[in-house]
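The chain is numbered in sequence order, starting from 1. Small disclaimer: the values here were computed from a predicted structure and weren't measured.
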Amino acid sequence: MWNATRKKWLPMMTTALLGCLLLNVHADSAAASSDTHMQRQIKPAAEAKKQRAADMSWVKLHKQFPNAFLLNGPRHARRVALTFDDAPDSKYTPAILDVLAEHHVCATFFVVGTRAAKYPAMVKRIHNEGHVIGNHSYNHAVLSTLTLTNYKKQIGKTDTIIKNIIGYSPHFIRPPYGEMLPQQIRWSEQAGYTIVNWDVDSVDWKNNPSSAAVLKNIKKTLQPGSIVLQHAGGGNGQNLSGTLNALPKLIYLLKSKGYELVTLPELVGQSAAR
């Protein structure tokens, strides 16, 4: 009985086993093909991302646009420019202006269009107290993600707002996060703008640092001709008291080391107005 049953089922079991093996081979082949396809997709995407980062390298951009994309001023003179991004707001900007006035220091403020429209009196105060105003985009956009048309809109809208308040069109642009594309710089240069980033980052935008941490960050890369990045306007939940408290100490430190504190036009020899 068992032998008869075995003879009956053995061919069926063999067929099923062969089917499973063939199915597994097909599945493995499909998986391998899928993996290869994914690798082919990932590789160009990774290469494109790497190329994009290379295209936005500050060193490369400065070499490509030596007069229109700046990171610092001349190194032969002991001069430093203090710059403040994300102005104006109603809390930190006036306090920073008070400190600068007390120490007779003029700086450069990069203004966001929407904030300038909200606090025009503060923009006027910055200007009236001898500071230089630059363009920091309309709504703090990541400019490197925009088309050239939308980039022009970001700059143009802010330009109009600032000009209506202080009477001149800013010559200097600082892109939020320091990111720009070559074609954006090329158009900016042709339109009469200069892009200015920095070579000293106070990192006052990250994790609400203490004044000691802000000063330590600045001293790391400070040298003659440096452009120092700080912030004069806070975002949601951002505390810039470290920047504010560090500022008098920074001014004293720089002066004690023989540095002259100047505006960007004085540092790089270009006009404040376009």
Ion pair K206/D201, N-O distance below 4.0 Å: no

Option passing side-chain contact (heavy atoms from CB on, under 4.5 Å) with H103 (candidates L261, D98, L250, I251): I251

Any residue meeting salt bridge (Lys or Arg N to Asp or Glu O under 4.0 Å) with R174, in chain and number order, not counting sequence neighbours: D85

Aromatic ring proximity, centroids under 6.0 angstrom, Y92 and H231: no

Test item: side-chain donor near acceptor, Q154 and N139, under 3.5 Å: yes

Atom NZ of K255: over 12 foreign heavy atoms under 6.0 Å: yes

Side-chain donor-acceptor contact under 3.5 Å, S241 with N245: no

Check: F69 ring centre within less than 6.0 Å of H62 ring centre: no

Test side chain to side chain contact (heavy atoms under 4.5 Å, CB included) applied to H171 and T194, step by step: CA-CA 6 Å; H171 175 69; T194 293; 3.0 Å; yes

Q223 and S226 side chains, donor-acceptor separation under 3.5 Å: no

R274 to Y193, cation-pi by 6.0 Å centre distance and 45° axis angle: yes

Parallel, tilted or perpendicular: rings of H140 and Y177 (30°, 60°): perpendicular

Pair V214-S202, side chain to side chain contact (heavy atoms under 4.5 Å, CB included): steps then yes or no: CA-CA 5 Å; V214 170; S202 67; 3.9 Å; yes

Check: Y168 ring centroid to H127 ring centroid under 6.0 Å: yes

Within 6.0 Å of NZ in K152, more than 12 heavy atoms from elsewhere: yes

